[in-house]
There are 2 protein chains.
Amino acid sequence: MARRSDHSPKELRALLVRHGHALMAERGFARFSAREAARRAGYAVGTIYNVFGSLDAFLVAINSQTFLEWAAALEYSLADVEPAGTARLEVLVHAYFDYARSNANAWMAIYDHRHEAETVIAAEDHDAREALTGIVDREVVTWLGRPDSPAIRRLVRSLIAMVHGHCALWITGSFSLMNEPDPAGQAVARVLEVLAAQRLR
Amino acid sequence: MARRSDHSPKELRALLVRHGHALMAERGFARFSAREAARRAGYAVGTIYNVFGSLDAFLVAINSQTFLEWAAALEYSLADVEPAGTARLEVLVHAYFDYARSNANAWMAIYDHRHEAETVIAAEDHDAREALTGIVDREVVTWLGRPDSPAIRRLVRSLIAMVHGHCALWITGSFSLMNEPDPAGQAVARVLEVLAAQRLR
DNA sequence: CATCAAATTAGACAGTGTTCAATTAAAAAT
DNA sequence: ATTTTTAATTGAACACTGTCTAATTTGATG
């Protein structure tokens, strides 16, 4: 039996998320198993229900971890790019695609998991998910050279949806049936067309 | 025991797909059960494996059925719209969203199901999935007033990815795109901006 | 050292997908 | 008509799953 003093509550939570995330990356959402995740962490299944309250909440925590990694990957990709110009947007979109492909199982799990309505999302998890939007927001504001506004934030969500659509169809293979050799390039092209239209107005 | 002469092979296949599709619409992908689908059709589980070879192939058949319905809904929505003009594209996108919302479980199942690489997709199923692309292709060609071409077909796939992205994030509510009151309207706006850019070139 | 509350677990339960020998029904051959 | 053969259909077995609860272990408190 795992000893209560082996890990503090926070450590235990982090331990379970770490192993859960690794298992998700390894197997994908369809073959994920809470039992196996707990086993690898050295605990029994019940512990997941103790710590997270439900399997649903555990999956939310795992996916939030993916969001954090993803956002970090985007920031990292932007670190060496000159602070103005279209190149930053191109790099951003390509980093978006790269993370999704390099971590396909974990990335898809974000969208595979439909959390139940009654599962409350902790502020921490919510923030992890917002981080990504924040990055795009910042870059688009810079590119447009205008102060942030509700209209721009609305546009940013729409741009994210556009890029997401390309990436999702690509990762799941729907796009390969469509014979598109460069989905990321297409996404960039669409983003720039839309932004150009916004600039003219 | 169900009698072999109750249904011809084709009828049996259709019967299983019908009940499977209904169950998918009712429960969604996560709670779908092959056992239950067979039960409702009046057969035992094994029959699904006899007829389709695998659960994977059964799910492909169910999702192809959804594609057929979806394409039919799009065509129906266009039937009364004047044969030229931007209105047709707007109606098309809105019908796309409407079908997804009205049949959320079945629609999401299309993207929830990641069929295994070894599952061969029958020509019939492949065609059902292509029908949708064909409709958009036709409408975009008409709108642009140019003959069809590989470049246009490539653009059309990109446009579909854009609209899909908006629709998917809307239906799953997984993004704070939930604060977006009119995702379909946003998708239409983006499509028209992209098409305008194409026209200028 | 005894008490007590909290953490952890094992086990039961009702499901699942998958496989396959046994059964049954229809067709073919006698 | 009967028997034989072929093929569809089944039910049970297997190894899993998520979920819950009673029992156990643990560490701290009096």
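Just so it is clear, the values below take in all heavy atoms, side chains as well, and ignore hydrogens, waters and symmetry mates. Just so it is clear: chains get the letters A, B, ... in the order the sequence lines come, proteins before strands, and each one is counted from 1.
The nearest whole Å value for the distance from the CZ atom in Phe29(B) to the C1' atom in dG17(C) is 12 Å. Per the geometry, NE2 belonging to His113(B) stands 12 Å off P belonging to dG17(C), to the nearest Å. In this structure, Glu36(B) atom CD and dG15(C) atom P are separated by 10 Å, rounded to whole Å. Residue His7(B) contributes atom NE2, which lies 16 Å from atom C1' of dA26(C) at whole-angstrom precision. Atoms CG (Leu59(A)) and P (dG18(D)) sit 9 Å apart, rounded to a whole Å. Atoms CZ (Arg31(B)) and P (dG15(C)) sit 14 Å apart, rounded to a whole Å. One can place CZ of Arg39(B) at 18 Å from P of dT9(D), the figure rounded to the nearest angstrom. Between the C1' atom of dT24(D) and the OH atom of Tyr43(A) lies a distance of 16 Å, rounded to the nearest Å.
Remark: Arg138(B) CZ is packed, more than 12 non-hydrogen atoms of other residues, nucleotides or ligands lying under 6.0 Å away.
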List the steps, then state whether side chain to side chain donor-acceptor pair (under 3.5 Å) holds for His7(A) with Tyr43(A).
CA-CA 11 Å; His7(A) 307 96; Tyr43(A) 283 80; 3.1 Å; yes
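Counting only heavy atoms from C-beta on, Ala44(B) has its side chain closest to dT10(D) among dT9(C), dT16(C), dT10(D).
Among all heavy-atom pairs drawn from Arg27(A) and Asn105(A), the shortest one is C-ND2, 3.9 Å. Summarising the geometry of Ala187(A) relative to Val93(A), their closest heavy-atom pair is CB-CG1, 4.1 Å, with the distance given to 0.1 Å. Taking each heavy atom of Phe29(A) and His113(A) in turn, the nearest pair found is CE1-CB, 3.6 Å. Closest heavy-atom contact between Ala109(A) and Asn63(A): O-ND2, 3.3 Å.
Ring-plane geometry between Phe97(A) and Trp170(A) is classed as tilted, the angle between the planes lying from 30 to 60 degrees on a 0 to 90 degree scale. The aromatic rings of Tyr96(A) and Trp107(A) sit perpendicular, their planes meeting at an angle over 60°, well past the 30° parallel limit.
For DNA chain C, the residues of residues 45-58 of chain B within the heavy-atom distance limit of 4.0 Å (strictly under) are Val45(B), Tyr49(B), Leu55(B), sorted by number.
For the pairing with Leu89(B), the side chain to side chain contact (heavy atoms under 4.5 Å, CB included) check across Leu78(B), Val188(B), Leu192(B) returns one residue only, Leu192(B).
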Please write out each protein N/O paired with an N/O of nucleotides 12-14 of chain C under 3.5 Å, distance rounded to 0.1 Å.
{"from": "dA12(C)", "atom 1": "N6", "to": "Arg35(A)", "atom 2": "NH2", "distance (Å)": "3.2"}

